[in-house]
Amino acid sequence: MFNPVESSVSFPKLEESIARFWRQRQIYEKSLAARAEAPAFVFYDGPPTANGLPHPGHCLTRAIKDLFPRYKTMRGYRCDRKGGWDTHGLPVEVEVCKELGIHSKEEIEAYGIEPFIHKCVESVFRYTKEWEELTERLGFWIHLDEAYVTFHQSYVESVWWALKNLFDRGLLYQGHKIVWWWAQGGTALSAGEVGQGYREVADPSVYVRFPLVEEGDSPIFATQKSGQSPMQMHDTDLLVWTTTPWTLPSNQFAAVKPELEYSVVAVEGESRNLIMASALVEKIAAKSKKDLAVVSTLIGSELVGRRYVPPFDYYYKTDGRRQGKLKTGGREHIAWRVVAADFVTTDSGTGIVHQAPAFGEVDYDVLTAEQERFVEDNGPPLICSVAPDGTFTAETPEFQGRWVKEADGDIARQMRAEGALFHQEQYLHDYPFCWRAEEDPLIQYPRRSWFIRTTQFKDKMLANNALINWLPEHIQDGRFGNFLETNVDWALSRERYWGTPLPIWVCEKTGYMEAVCCYDELMAKPGVDGMEVWREAKQKNPDLSDDLKIHKPYIDAVTYDSPKAPGARMRRVSEVIDCWFDSGAMPFAQWGYPNQEGSKERFAAQFPADFISEAIDQTRGWFYSLLAISTLLFSEEGTGEGGRNQGPEARGQGPGTGNPPFPFPLPPSSYPHPYRNCVVLGLMLGEDGGKMSKSKRNYREPNEIFDRYGADALRWFFFANQPPWTSIRYSEQSIKATIPEFLIKLWNVYSFFVIYANIDGFDPAASISGKAGRLDSKVLATADGYRSILERGELDRWVLSELNSTATAVVQRMDRYDNYAACGRLIEFVDALSNWYVRRSRERFWSGEKSTDKTDAYWTLYECLLSSCKLIAPFVPFLAEEMWQNLTVAEFGGRAVESVHLCDYPAGEKNVIDRLLSERMAVVREIVSLGRSARMGAKLKVRQPLALVEVVLADPVHKGWLEEHAALICDELNVKQVEFTQRADQYITYTVLPDLKRLGPRLGKRLPALRKLLGQADGGKLLAELEENGKIELELPDGPVTLVADDIQIRLQAKESWAAAQGKQCVVVLSTELTDELIAEGLARELVRAIQDIRKSRNCLYTDRLKVGVVTDSKEIQLVMNQFEEYIKSQTLTLEFTSTPLPEPEPVEVTVAGHRVKFYVNVIFHREVSN
RNA sequence: GGGCGUAUAGCUCAGUUGGUUUAGAGCGCAUCCCUGAUAAGGAUGAAGUCCGAGGUUCGAAUCCUCGUACGCCCA
């Protein structure tokens, strides 16, 4: 006996009890244990930060992260799911600052780094409870209690190990990074912060002369206007434009676009000529209100290498003539030269761009590129005339101590006085200001920073990327590939407080540096000292997490003896690292590799990942950091390449480093790593299609969705509504709609089954002896009364065929990580099950006596439901479990598997799939649908029986089979007879269409003529010709053409005068003629319907019996009552049927086909539902 | 400014390597049916300049080019 199924189900309620069941019975753990020996399917959890509340976007990632591991587990893999928490970084510091009501680094330091760090640790797990609740509520199975945590000592030490490896191989180096700098606050701002602070302002815009230096008697311009003598350089200036005059003292280069045309122009009334982009001459003439006459033209590349005198000579006076050795041999002036750059445009300015590498990222790249050309230490140094507080240094005595922006005016004045200023104006543009001090403009400014030499591994990263399976594909060569192509070295360090400390100690005397791979290694250093800072803190506050001892400020206090200078100490550099490095290190750091015991084995067993998934914003985040770190650490072959201080010891296997040998580096053939398949999720949008925003209130909190509709509804919405990589509109309506569309539809089938199985006493547990286990088809086949599928009726064979082809298709799609397509197949199947199988089988379940046919129906539907449970289990785990529990555990008790999630996933059995039957049934369904359409058109209710329906088939292949199924069609369409024909010229016109796929390649340009000809021809005649001769001969304007049967397709078109509907494969024509007999039968059905309505309004059970009196003046109705008495009684479960009034209750008066009829209906007894 | 993506019915989205004057589905809407899955279920219908403009081709929603709009990432 199955538990009765509530007709009005509350999914949220049901899910709660299922969640409890899983928890109490430890089903997740059991699902892992069941696969203990199975091959691994490796999943990595990208760590979220738990210092904020989870939002709908997290639900999507968590749902997808749950779907595939569940699926793979059912498919026979062991999929460990270790959670993770990202705990470091600026977002945490920002949250704490908000809480403390402070902003700047100065304020943090005034507050105290130590208490600040304590606040950070507290904040990191503020919302852990909410995250855990959401995780469980969503049905996301993952081990959160064993999650890796990026601030834990073991994790940090793993990161240190990686960094030491990179450092020892020369891949970690110090350089400059140009940052957006808040000078007054002394801090760099993140991109997000900068983005918030843009405002339109007016800045001075200056056009400055850079006089060219004559190079002895070197030849001058190659391209000369005809008839002009070669021009001398000494009377010519580059015209350079900038909106930041204060950067001019730090000028190092002038950039031109090599392929752009430039003009030498003579200025009215001035002795010196100017060079500027030809395209801009007119514009500049207009601005400056000066007459500019083009003297000659040249292309940018001809300017490259020419030297000039910068407007300020603070540096030029000492270094202006300095040359350095080039790597390619020869010498070159180190600065104040024209260089080539692609970023130069003619949108504004002069086409010649002033380069102050200290104050612009692009400019800095130019400097780096120049430095690359010279042998080491021979290249140009970085010139920076500005102190970190934003004032000029002593190197620029006239302006020393002045805030740079404020000096702009004087700088311009000075240039004007010296004749260097050609033109000046105001320029309106967007410029960033500090978001917390609105009056303070930001400046770009160089900071010392640590970099990872990722550029050296570009090709290896690309090779690795090429073998990753990206969903969607375009990420590979698109967003991610492009990003790798334009790779720049990873700026690793952060001048912040809460993060993994950079494990590099520097000798205070010599500058010698060492990287350290773990705390123990540090403790073993000679003369180590400073641990008391931590000890005292811990004493004062014993609750402090021990993991903090490896963080700022405690770790900064630890110093040791320098090996290079007696008496000197090694002190840690002050920086922490980018928290992306933390998360990217998780493949090994989650195990504490290599310092933790057993980490080597765990890492080896769980590397690389088979599957990861995050949203698209992680492309440059986690997806990159994983790939970069893995490629840098594990792709090196042998000791061939790498850095300058590489050697066997530096590989991290030498004495004292504590690094065990490991099966890495990987050979290149082991790509891809560290992940093979990556599902990139789209962005989640709010109800209105815009960005989700708390203040706009354009989305519902996940918990509200769970309470109203349930987790399965949300999950199914994510999986089935769109491919996961498109942007997803998080719409409450759509989430709600999944319930009737899919969940309820399946639920109704399930409920239908349970109702009748209980009435009829269908008892699979009694028919199956011994273990029922996972109740797969093999087990079912052992049941008493279970007939082999081949013996069963067609409908049963059909639905089982559909079931198995669905399973096959779902597996195929899920193996491709295409959950959307998989869901499409599941929807189709559930629809077929509900709207064809159950509908067509209802009578079999209703019939009173026990028959083989009825038993077959039960076993068939039972099997469909069991398999459906399993098929939907990874998608909607709660519903699947609920159904499983009732369909199996309630019946079999301990003989059945305890949970659907311990089952194997149905892969579909080939021998049950009957494609022909499936195709044929589709034709029947089409005929029925067309018949209804024809009825609709003729305004003939389905209730009204008709004498005949004629089906004209375009293709006779299924004719014989269809004829055998005439009864089914008659029943569905309520007609007495169905006939199949192929030629029915009275109803149909025929059009012969060319098969373009075949004829296109054959006929090419002749095709349009043929199409025209066929369009005008009499299709019937052509078909007759084809039937007679096996071919059609046609005369095209340019010659004859012969068509055979395969070359054409036939379209049928119903003639207008008939009640007909046409489909792709056939036309259905109704006979609309009504005899008295048919009308009477129709009336009988009207009566039945009226009585059923009353049954319903009386809340009758479907087992209740009635006594009915029908009173009417209509002779017609009376006649029908007599004639169809038995029919009406059986249909309405009426035991007594009279044509006289009953004493009670009040009659119900209804119009039946235009006749007034009074119904007296008594419920005379309830038959108990029994089994 | 650059890269990537998206644009198909009122809404949310499909549309396989180019193939047929019938471009699909769900929701919503309209009309209707069923009433023994019943506070459900089903059918039918209306509704589309496939973003625009060019091009390639016998043939383009699909391929190419150029635009436009929106989104994301970067500058």
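Proteins get letters first, then strands, A, B, ... in listed order; numbering begins at 1 in each. Values below: all heavy atoms of this structure, side chains included; hydrogens, waters and symmetry mates excluded. Every value quoted in this text rests on a predicted model; they were computed, and no experiment measured them.
- Pairing for B:A14 is absent, with no Watson-Crick or G-U wobble pair whose two atom distances lie under 3.5 Å.
- A:V838 comes within 4.0 angstrom of a base, heavy atoms only.
- Of the side-chain N and O atoms in A:K745, one or more sit less than 4.0 angstrom from OP1 or OP2 of B:G42.
- The side chain of A:K997 contributes no N or O atom lying less than 4.0 Å from OP1 or OP2 of B:G19.
- Map A:R839 and A:P1001 each onto its nearest nucleotide of RNA chain B; the residue landing nearer the 5' end is A:P1001.
- The phosphate of B:G42 has OP1 or OP2 within less than 4.0 Å of a side-chain N or O from A:N835.
- In this structure, A:K1005 atom NZ and B:U57 atom P are separated by 7 Å, rounded to whole Å.
- Residue A:F623 is tested with A:W580, A:W470, A:F480 for a ring-ring contact (aromatic ring centres under 6.0 Å, His included); the sole match is A:W470.
- Remark on RNA chain B: of its neighbouring residues A:G478 and A:Y820, the 5'-side contact belongs to A:G478, judged by nearest-heavy-atom nucleotide.
- Of the possible polar contacts, none joining the A:S834 side chain to the A:D831 backbone as a donor-acceptor pair under 3.5 Å is found.
- Among the protein residues, A:R1089 comes within range of the nucleic acid bases, having at least one heavy atom under 4.0 Å from a base atom.
- Classified by interplanar angle (parallel below 30°, tilted 30° to 60°, perpendicular above 60°), the ring pair A:F2/A:F762 is parallel.
- By the 30° and 60° cut-offs, the orientation of the rings of A:W747 relative to A:F11 is perpendicular.
- Across all strands shown, A:R1011 has heavy atoms under 4.0 Å from sugar-phosphate atoms exclusively, and none from any base.
- With a cut-off of 3.5 Å on both Watson-Crick or G-U wobble distances, the partner of B:A43 is given as B:U31.
- Of the side-chain N and O atoms in A:R842, one or more sit less than 4.0 angstrom from OP1 or OP2 of B:A37.
- At B:G36, one or more side-chain N or O atoms of A:Q1092 fall inside 4.0 Å of OP1 or OP2 (strictly under the cut-off).
- Nucleotide B:C50 is matched to nothing when pairs are restricted to Watson-Crick or G-U wobble geometry with both distances under 3.5 angstrom.
- At a threshold of 4.0 angstrom between heavy atoms, the contacts of A:N748 include nucleobase atoms, whether or not backbone atoms are also involved.
- Residue A:S933 is in sugar-phosphate contact alone, with no base atom involved, counting any heavy-atom pair closer than 4.0 Å across all strands shown.
- Using a 4.0 Å heavy-atom criterion, one finds that A:V749 contacts the bases of the nucleic acid, with or without backbone contacts as well.
- Residues A:Y1127 and A:E1081 have side chains that never bring a donor and an acceptor to within less than 3.5 angstrom of each other.
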